[in-house]
Every structure is written in structure tokens, then in C-alpha cells.
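Before any comments, here is the structure.
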Amino acid sequence: MAKVLTPRSESYAQWYNDLVIKAGLAENSAVRGCMVIKPYGYAIWEKMQRVLDDMFKETGHQNAYFPLFIPKSFFSKEADHVEGFAKECAVVTHYRLKNNPDGKGVVVDPDAKLEEEYIVRPTSETIIWNTYRDWIQSYRDLPIKINQWANVVRWEMRTRLFLRTAEFLWQEGHTAHATREEAIEEAETMLKVYADFAEKYMAMPVLQGYKTASERFAGAVETLTIEALMQDGKALQSGTSHFLGQNFARVFDVRFQSKEGKEEFVWATSWGVSTRLMGALIMSHSDDNGLVLPPKLAPVQVVIVPIYKKEEELKQIVEQADKIASALKKHGVSVKVDDDDKHKPGWKFAQYELQGVPVRLAIGPRDLQNGTVELARRDTLTKEVLPVEGIDNRIAELLDDIQNNIYQRALNFRKENTHTVDTYDEFKKVLNEKGGFILAHWDGSDETEEKIKQETKATIRCIPIDSNPEPGKCMVTGKPSRQRVVFAVSY
RNA sequence: CGGGGUAUAGCACAGCCCGGUUAGUGUGCCUGCUUUGGGAGCAGGAGGUCGCAGGUUCGAAUCCUGCUACCCCGACCA
């Protein structure tokens, strides 16, 4: 079979690029740093959205929509927030074009300069908290639990499809609470939602934990994160949930009157996952033949490929295929019968493997005669011939098996690539030779964290949420450490 | 924003150093026939202002200048 992807062993980065493009997920656009998400890629994103959206609604959130543009003055109110995002903001300065007086094309009309410039949102805390001020007077107005699905812009120097693009799609939850405890609980709840989604739907195991001060969201008191391990041993931050304290309430003057008649600042959270999850999904499961999708997120779960010589045979096979398809649909399984005569079966096999369709059925004249179908699993690349009778039940179960199998496989990979070390030498050695997650003691200081980052490129991915922490001594300074933290080189 | 590279048919590339027929190869596309259980074969055909703007020259894809875009490596980051 002709390989269309660069093998992972040769270049993981190239393999990733090849896969995203060849599987029809996304491509680079005419706009620097901005991708076009193609129909197949978008279909996966839509499935993610649907599941997450349901999870948000079940946890008491409602969707709303806030503006793309944020007045510069709003943005500059929260000092840390500005510092974090200022360097990557797109700015709108004018509102009109005019014909170029010197000839062809159009130019910005200098007379149409905005009184106050707008920032294209890199995130929406400021516009939302400015709005919440008007919505909140009393504790009876709380909590407010809102989510928005939106695009945001962060002007990145170097971009990679899905993993880091100048414009990306995401959801951002923004909640307002009467008490500190309730806000913290909200941030923790949403982290659990993300972890659940990652593990149960994406089949991607994640570590949950706190970010260190240097990795924290700009403007947050605490940032919680889910961290996943990619096949090349690098970590990918896949979702974050922030406890914002009263930082945004203070600068936007959002106060409420408590039951006791006291005026207090509102407590806040925000949380988000983005199209970066697409990158996480790809790099968790896929192989040198292409994408491997968990059945729960696959736009097409089963594809049926007819194999035939004569038109007449095709007709009979498609009849059989349609029968199987409608039986499967009763189980809620999404099926495609590919009777397109543009390509031969071999081409289709390769193509559906590239696109990660979990189960492929092939039906030929021989099967018609024997009452069988050939079933191929994408996750194991194995094939078997099975009776048509009861195939729908068999496949419904198989899809669950596949979902579990790829989760288990990813979990095993993570276990094999998680190492515990006690000395800095050992740390460097493991990092160089194996990569992956490294559990080590750290004294809690910014200086030590920075030193390790400078010397090894590894960062603290998270301080795990651990009910049973193991105290020890920092591998670099020997100072006391409350618990092990997770290091890795990250995307 | 530094360092390197690339720009020629839908896509992937050769040609450029050393200027000179009608700019070529693979793949994809169109037509026909044969094929179809792992990316089919043969025959015929369509498709290019050689990234853009100048310059040198009798003549430029090729040499020179400027610009733009993209890719890779760094710094920054979800």
C-alpha cells in the first residue's frame, strides 16, 4: 500500500501535519496563522460541541453571546490580564475603507479612525464582567452561569493546525457567585466535566491538577488544568478552569448585596476548551495509516464498502448493505454505505483508515452467497468474516469495545511513559531518553521552576489534585516539598 | 522578531548554477474500453500571465533589485 503519511518514527511533527491535511480535517488558509476547518474535521468538532454543550446544560449553565470586539479601556483594567494578553492582540483602529486615490484597490480611510480602538477578543472576561455589573445587584441575582461558543484571536508567532492558530474556536464559561467556596466548587466541577469528556468521549486519559503561578491564566487566582500525554512524549494542556477570585469583580466594580445587607464583590470563574482538542484527539490515538477515532466522536462509525464485478452484483450487495445499515441505525449507529463507483475498494479501504472510521464492513459476491460480511477494526487493523445474522448487535457491542480499547491503550501508554525520579540528574536523563510525564519534588519557588525550564525545557504541567500527597525534598534545591509535581516538555 | 529555506498545472516536484524551439515529470482531472476481496491497466485529451513589481538583454522560469506569501529552527504562547 502506498504510504501517504510520513511515518511517526521519521518525524512526528510531519506525520501530524500530513494527517490533518490528508484526512481532510483542516488546512492552512490564505490568512496567516488561520486555518480552514474542513467538513470532516468540523463534523468531529460538532460532535465534541454537542456532547460538551449537553454536559454544560446538565450542570446548570446557559449559552449566551458577547461581542467579538472589546474596547481597549476594558481590557486594560486588570493588570495581570493585560500583561498576559497584550502582546498577542489584534486591534481594530478604523471602521471604513475608501477607493485608493492613487489608483487600484482600497485603502483605510484615515478619516474613519475610531475614537477608542477595539481589541479582537483573545478571551471575554472583560466584556462579560463589564456586562455582569449591570446584571447583578443582590445575592438573589446569583449565581450567573453562562457559557459562550465563540471564536477568539491570539496573534501567535508560530502556528500549527489545531494546536495553535491565530484564530480558534472554543467555548468559554463565565460564572458569578456569592461566595468564594461556591466559585471554587464551580471551577472544580467544570474541570471534572472536562476530564470526564476527555476520558469517556475522547478516550484520552488526563491528569488533573493546579497550575503553578507562572503557568496560571492571566488574572486568575488559581488555574486548574487537564493535561494529556501525546504519543511523542510531550504534554498537551487540553482544558483549563480558573478560579478568578474577586479580581474581575473589583476592576469592573461588580458588587452585590448579601442576605445580611452587606455589599460584597462577586466571585468569579471561567473555563474553556478549544479546537486544540482536535489536536489532542489526533495525537492520542492515530497511527501511520491515519486517524483513529473513538466511536463516540466519529462522524461515521461504520462504513460499508461493496465489492463487485458487475452492475447487477452491485445492486444486490447494496441492497444487503442497506439492510445492515438500517438495522445499525436502530442501534443509534451512524453508517455510510459507500456505493460510489469513482474509486475501487482498495482505495476506499485506505481512505477510511486515513479518516479513522472505527468499523469497516466489506460485502462481496462471496459474502452474499455465504451470508457473511468482512469486518475490519480500525483500532487493531484486524479483519474477520462474520455471519450477517446478528451483525448489528455484534457491531453495537464492538463499538463500545473499541472505545474502551483505545482508552486503555492510551492509558497504558501514559503509564509506561510516566516516571518517578528523585534527583535532578535522573530527571534530565529520563527527560532526554524517554520524555513523558516525570513526577518529582519541587520546592514551590518560581526560581527553581524557571531554572528547570531554562536548563531542560520541561515545565511543571500541574500540581496534581492528590488526596494522599507524598512529602519529600526538591530534586534541585533539597528544600522541603509537600508533594510530587508533574513535569514534561509540552506543546 | 532573529537565522535558514521555498514560491513553476488542482497537488507534489524537475528545469535556474551555465539565458535561446511549443516549459516538463508524477499524481489528480476529462473521454473510452478492460477492471473491482487492500490505493487498477491501456489509449486519447484538457489544464501554466513560471508568487508580484521593476531592471539587464535581440531574447528571462533562468541574471539583478525591491516587495509579498508560506515552511522549518529559535524567543513568546491554549
Side-chain angles (χ1 to χ4, degrees), chain A residues 1-6 11 13-14 17-18 21-22 27-34 83-89 103-104 122-123 152-172 194 211 214-218 220 223 225-228 235-242 270-280 289-290 305-311 313-314 317 338-354 360-370 372-376 381 383 385 453-454 457 459 461 490-491:
Chain A
M1 182 171 59
K3 295 283 178 198
V4 295
L5 302 179
T6 303
S11 165
Q14 194 56 49
N17 282 335
D18 287 355
I21 289 164
K22 300 272 171 56
E27 61 191 28
N28 284 308
S29 71
V31 184
R32 176 206 282 270
C34 296
E83 174 145 0
F85 288 108
K87 282 175 288 186
E88 48 187 25
C89 284
K104 292 179 285 185
T123 180
V152 287
V153 169
R154 297 181 187 175
W155 211 263
E156 298 290 349
M157 296 290 184
R158 265 183 82 188
T159 58
R160 291 193 66 190
L161 293 169
F162 291 121
L163 297 172
R164 178 166 295 106
T165 47
E167 179 190 16
F168 58 90
L169 305 183
W170 78 345
Q171 58 68 218
E172 45 181 327
Y194 289 154
K211 283 292 186 190
S214 73
E215 297 271 330
R216 208 172 274 155
F217 174 74
T223 288
T225 180
I226 54 170
E227 298 281 328
L236 184 71
Q237 178 174 311
S238 305
T240 48
S241 179
H242 316 289
S270 67
W271 29 273
V273 293
S274 71
T275 37
R276 178 177 247 203
L277 288 179
M278 293 289 293
N289 291 324
V305 178
I307 293 158
Y308 60 97
K309 287 200 171 81
K310 304 173 201 127
E311 278 299 307
E313 279 174 349
L314 175 64
I317 292 166
D338 185 357
D339 61 353
D340 190 345
D341 68 351
K342 186 178 165 182
H343 295 291
K344 292 185 32 168
W347 191 92
K348 292 178 182 177
F349 291 175
Q351 188 62 22
Y352 290 119
E353 267 162 28
L354 195 54
R360 182 187 74 229
L361 299 180
I363 307 176
R366 221 153 58 207
D367 294 304
L368 273 193
Q369 209 161 35
N370 303 337
T372 56
V373 294
E374 181 191 81
L375 182 152
L381 292 168
K383 294 195 284 199
V385 175
K453 184 178 174 180
Q454 288 304 324
K457 295 199 168 172
T459 51
R461 300 321 303 153
S490 75
Y491 272 92

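All chains are named by letter (A, B, ...) in the order of the sequence lines, taking the proteins before the strands, and each is independently numbered beginning at 1. Treat the numbers as computed from the prediction; the structure is a model and nothing was measured.
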Exercise. For Lys211(A) and Glu227(A), what are the C-alpha separation, side-chain angles and deciding distance, and is it a salt bridge (charged side-chain N to carboxylate O under 4.0 Å, His left out)?
Worked result: CA-CA 10 Å; Lys211(A) 283 292 186 190; Glu227(A) 298 281 328; 2.8 Å; yes

Exercise. Does the pair Glu353(A) and Arg360(A) meet the rule for a salt bridge (charged side-chain N to carboxylate O under 4.0 Å, His left out), with working shown?
Worked result: CA-CA 9 Å; Glu353(A) 267 162 28; Arg360(A) 182 187 74 229; 3.2 Å; yes

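Asn28(A) comes within contact range of the sugar-phosphate backbone alone, with a heavy-atom separation under 4.0 Å but no base atom that close. At the heavy-atom level, Arg366(A) lies under 4.0 Å from base atoms of the strands shown. Counting any heavy atom pair closer than 4.0 Å across all strands shown, Glu156(A) reaches a base atom. Contact annotation for Thr225(A): no contact, since no heavy-atom pair falls under 4.0 Å across all strands. Among the protein residues, Phe168(A) comes within range of the nucleic acid bases, having at least one heavy atom under 4.0 Å from a base atom. Nucleic acid contact class of Leu236(A) (heavy atoms, under 4.0 Å, all strands): none.
Remark: rC76(B) base-pairs with no nucleotide in the shown strands. Criterion, Watson-Crick or G-U wobble with two distances under 3.5 Å. Pairing for rG26(B) is with rC11(B), a Watson-Crick or G-U wobble pair whose two hydrogen-bonding atom distances lie under 3.5 Å. With a cut-off of 3.5 Å on both pairing distances, rC16(B) has no Watson-Crick or G-U wobble partner at all. Shown here, rA60(B) forms no base pair; nothing in the strands shown gives a Watson-Crick or G-U wobble contact with both key distances under 3.5 Å. With a cut-off of 3.5 Å on both pairing distances, rU49(B) has no Watson-Crick or G-U wobble partner at all. Nucleotide rA40(B) forms a Watson-Crick or G-U wobble pair with rU34(B), both donor-acceptor distances falling under 3.5 Å.
One interatomic measurement links the two molecules: CD of Glu374(A) to P of rG37(B), which rounds to 11 Å at whole-angstrom precision. Here rC76(B) presents its P atom at 17 Å from CZ of Phe85(A), a figure rounded to the nearest Å. Taking atom CH2 of Trp347(A) as the reference point, atom P of rA40(B) lies 10 Å away to the nearest angstrom. Nucleotide rC70(B) holds its P atom 17 Å from the CZ atom of Arg160(A), rounded to whole Å. In this structure, Trp155(A) atom CH2 and rA75(B) atom C1' are separated by 19 Å, rounded to whole Å. Distance, His343(A) NE2 to rA40(B) P: 9 Å, rounded to whole Å. The OH atom of Tyr308(A) sits 11 Å away from the P atom of rU36(B) (whole-angstrom rounding). One can place CD of Glu311(A) at 13 Å from P of rU35(B), the figure rounded to the nearest angstrom.
Sequence order on RNA chain B of the closest nucleotides to Ala13(A) and Leu163(A) puts Ala13(A) first from the 5' end. Toward the 5′ end of RNA chain B lies the nearest nucleotide of Gly33(A), the other residue of the pair Gly33(A) and Thr165(A) mapping further downstream.
Remark: aromatic rings of Tyr491(A) and Phe162(A) are distant, center separation not under 6.0 Å.
Rounded to whole Å, the separation between the P atoms of rG26(B) and rC42(B) comes to 11 Å. Here the separation of rC71(B) from rG15(B), taken at their P atoms, is 24 Å to the nearest Å. Comparing rC67(B) with rG4(B), their P atoms are spaced 16 Å from each other, to the whole Å. rG66(B) and rG3(B) have their P atoms separated by 15 Å, with the value rounded to a whole Å. Rounded to whole Å, the separation between the C1' atoms of rG28(B) and rG47(B) comes to 11 Å. Rounded to whole Å, the C1' atom of rA60(B) lies 11 Å from the corresponding atom of rC50(B).
Checked by atom type, the side-chain pair Arg461(A)/Thr459(A) shows a donor-acceptor distance below 3.5 Å. Side-chain N/O atoms of His242(A) and Ser270(A) include no donor and acceptor closer than 3.5 Å.
Checking rG37(B), rA69(B), rC72(B) against the side-chain heavy atoms of Ile307(A) singles out rG37(B) as nearest. In this structure, the nucleotide among rU36(B), rA75(B), rC72(B) sitting nearest to the side chain of Met157(A) is rA75(B). Comparing atom distances between the Gln351(A) side chain and each of rG39(B), rC72(B), rG37(B) picks out rG39(B) as nearest. Side-chain proximity of Lys457(A) to rC29(B), rG74(B), rG39(B): nearest is rG74(B). Which of rG38(B), rU35(B), rC70(B) sits closest to the side chain of Ala350(A) comes down to rG38(B).
One N or O on the side chain of Gln171(A) and one on the backbone of Val273(A) form a donor-acceptor pair closer than 3.5 Å.
Side-chain atoms of Lys383(A) and base atoms of rG38(B) include a donor and an acceptor less than 3.5 Å apart.
Considering only side-chain N and O atoms, Lys344(A) lies under 4.0 angstrom from the phosphate OP1 or OP2 of rG37(B).
Atom CH2 of Trp170(A) has more than 12 heavy atoms from other residues, nucleotides or ligands within 6.0 Å.
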